[in-house]
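Working notes for the structure below.
We're numbering straight along the sequence, starting at 1.
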Amino acid sequence: MVGITSFEAYVPAYRLSRDTISKFWGTRSLGGERAVAKYDEDSLTMAVAATMGCIRSSSLTVGGVYFASTTLPYQEKQAATLVAAAADLSRKIRTADFSDSLRAGTIALNAAFDAVKSGTEENIIVAAADCRMGEGKSQSEQLLGEGATAIAVGKEGVLASMEGSYSLSSELMDSWRLEGDTFTRSWEERFVVSEGYLKTMEQVISGILEKYRLTPRDFAKLVLYGPDNRSHSLLAKQLGFEMGAQVQDTLFSAIGNTGAAALPMMIVDALGKSNPGDLLLVANYGDGGDAFILKVTENIKTLKKDQGMKTLLARKIPISYERYLNWRNMVPLHEISRPPSPPPSITCLWRESRNVLALYGTQCRHCGYPQYPAQRVCANCQTKDQYDDYKFSDKKGTVVAFTIDYLTTNREAPALVGVVDFEGGGRMMCEITECEPTQIKVGMPVEMCFRKIGLKGGFQNYFWKARPI
């Protein structure tokens, strides 16, 4: 049996109200709110968060990482290898990027299902994430949101088995971005929806129902992508599915359209609420369509209560539109005059890649004292060259000292820098993110998160920060 064995979603903590956007521009509000990644987050960092959560919730041995996104950090460099390195996975795995289509998430899932079914790999994690931007005053600016998912595909402990699939290719200029474009482009909405989305998805779903001789009544849930809530509802009704209980919520009102991660995120939400024996019809759109049938197994009962989307949707911090514009570098701002810092050395980053990307330090074999960064001499007992590698990225800690830096070169001032003592020993100084200056305090519990440091030397620099639990 091949199917989904584990899953995890990640939604940024920050929310921007659509009423706030419409009030700024004097336009109609779509209602609800959208999830906003902080300036130190991107598709890669969100994919790392989802992947690490997916691994923690199961004991699988990962044989591959597929990363699906239309907003990869590099035009020429694989991002899946960065996800694997930050998640501390073996180098002896298969990695691949799937991009350039909003259907990339399900294209990657189909590839993972095929690889596992053929016996090429035992377990593959499919991570999907997107950080797309819409032009100011446009409907896309309100609709688009940011988030990530990670879905593990394997043969052991299957939560939902893959029962069948159907795909269709369709060429239509509906939504696109040229190289160098900041914002997504789209053609006239009525044409795109009627000639593209509705017709293509009707053919895809009719095709899979006919192929496996099923009807809409055979399914407990229809997990269906839509460019917006109105088009989504229209298609579901035309296909004969009952809105409400049978049709999965798009989550657009709560977090927005997360692009390549939208349909995988809906799968996560649907599985978190499913019962053994449920049949799910999953259908995605983008330059054609993908559809597949999932059957929920008895193993779904082993899910923890905090898995799924409920906890992520409840965790939110409201932000202003001005702050959003600052984070997206959409308005010129005064920068503090400071000498430029030297770019990081690629050679040093390569040499220290495990310490930087996976946050490894050392632990003394003599007294057990852990240290970060890695040291040859134990600070506790002074034993030399007697140590083992020790991972800090999965350790929780406590802020024991902090400073508020008003002269920071970050996108936002002030910056918070704290000294963190880890459970089990070890200490490091790092930035504190997702925390306001009025909230930070000594004794605050924190956890580590992988974040973007900035673009320096012509490449993206990543490291770990602490955030409040």
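Residue pairs satisfying the salt bridge (Lys or Arg N to Asp or Glu O under 4.0 Å) criterion with at least one member in residues 30-59, sequence neighbours excluded, are listed as follows: E33-K316, R34-E146, D40-R451, D40-K465, E41-R451.
A salt bridge between K23 and D19 is absent, with no side-chain N of the basic residue lying under 4.0 Å from a carboxylate O of the acidic one. Under the 4.0 Å criterion applied to side-chain N and carboxylate O atoms, K301 and E298 are assigned as salt-bridge partners. Salt bridge present: R190 and E188 bring a charged side-chain N and a carboxylate O closer than 4.0 Å. Under 4.0 Å is where a charged nitrogen must lie from a carboxylate oxygen, and between E141 and K137 no such pair does. With salt bridges taken as basic N to acidic carboxylate O contacts below 4.0 Å, one links R323 and E436. Taking 4.0 Å as the cut-off between side-chain N and carboxylate O, R467 and E447 count as a salt-bridged pair. The pair D278-K295 fails the salt-bridge criterion, with no side-chain N (NZ, NE, NH1 or NH2) lying under 4.0 Å from an Asp/Glu carboxylate O.
The 12-atom threshold is exceeded at CE of M330, counting heavy atoms of other residues, nucleotides or ligands nearer than 6.0 Å. The environment of CZ in R315 is crowded: more than 12 heavy-atom neighbours from other residues, nucleotides or ligands sit within 6.0 Å.
Shown here are the salt bridge (charged side-chain N to carboxylate O under 4.0 Å, His left out) partners of E202, two or more places apart in sequence or in another chain: there are none.
Between the CG atom of L279 and the CG atom of L214 there is a distance of 7.0 Å, given to the nearest 0.5 Å. Atom OG1 of T51 sits about 10.0 Å away from atom CD of E8, to the nearest 0.5 Å.
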Expected list for residues 233-243: side-chain donor-acceptor pairs under 3.5 angstrom, two or more places apart:
from : atom 1 : to   : atom 2 : distance (Å)
S233 : OG     : N229 : O      : 3.0

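Using a 3.5 Å distance cut-off with no hydrogens or angles, the side chains of Y225 and N257 do pair a donor with an acceptor.
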